[in-house]
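Below you'll find the structure, written out as structure tokens, and then a few comments.
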Amino acid sequence: MKKLLKLLFKTVTITVGVLFTIYMLNLDMKLVSFIYTWLNKFHDKKDSMRDIQF
């Protein structure tokens with residue numbers, strides 16, 4: 001039981017540490033910005049005269 005509690009405590013501590021780092025360095029919005037920029041470049045290369053099909 002004691003080993004299980006130690007493992008749970010370590011897991012929670014590491015998870016909180018990683019989430020705190022992501023929050024403080026604003027890494028989630030940096031990732032979204034990178035994806036948004038990449039998608040804009042990708043869609044700008046497509047032919048704009050092509051008809052959209054559903």
Side-chain angles (χ1 to χ4, degrees):
M1 184 68 175
K2 201 170 194 177
K3 287 184 180 183
L4 180 64
L5 287 175
K6 282 186 179 183
L7 179 66
L8 182 65
F9 180 73
K10 280 186 179 183
T11 306
V12 169
T13 304
I14 290 171
T15 304
V16 168
V18 168
L19 290 175
F20 181 74
T21 303
I22 290 171
Y23 173 73
M24 290 305 290
L25 296 177
N26 202 17
L27 296 177
D28 55 340
M29 292 310 295
K30 289 179 183 177
L31 177 64
V32 169
S33 172
F34 172 76
I35 292 172
Y36 186 74
T37 304
W38 181 79
L39 284 175
N40 275 337
K41 288 179 185 176
F42 176 76
H43 287 288
D44 285 344
K45 289 179 184 177
K46 287 191 171 187
D47 185 17
S48 61
M49 298 303 289
R50 190 179 66 184
D51 193 20
I52 299 175
Q53 297 175 353
F54 293 100

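No hydrogens, no waters, no symmetry mates; every other heavy atom, side chains included, goes into these values. Counting from 1, the numbers follow the sequence of the chain as shown.
- No path of Ile, Leu, Val, Met, Phe, Trp and Tyr side chains, each step under 4.5 Å between heavy atoms, connects Val16 with Phe9, placing them in separate hydrophobic clusters.
- For Asp28 against Ile22, the heavy-atom pair with the smallest separation is N-CG2, 4.1 Å.
- The backbone N or O of Met29 sits nowhere less than 3.5 Å from a side-chain atom of Ser33 that would complete a donor-acceptor pair.
- A distance of 9.0 Å separates CG of Leu8 from OG1 of Thr13, quoted to the nearest 0.5 Å.
- For Phe34 and Trp38, the ring centers sit 6.0 Å or farther from each other.
- Taking NZ of Lys3 as the start and CG of Leu7 as the end, the distance is 11.0 Å to the nearest 0.5 Å.
- Between Thr21 and Leu27 the shortest heavy-atom distance is O-CD1, 4.5 Å.
- Leu4 and Val12 fall into different hydrophobic clusters, where Ile, Leu, Val, Met, Phe, Trp and Tyr are joined by side-chain heavy atoms under 4.5 Å apart, directly or via other members.
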Derivation and outcome, side chain to side chain contact (heavy atoms under 4.5 Å, CB included), residues Asn40 and Tyr36:
CA-CA 6 Å; Asn40 275 337; Tyr36 186 74; 3.3 Å; yes
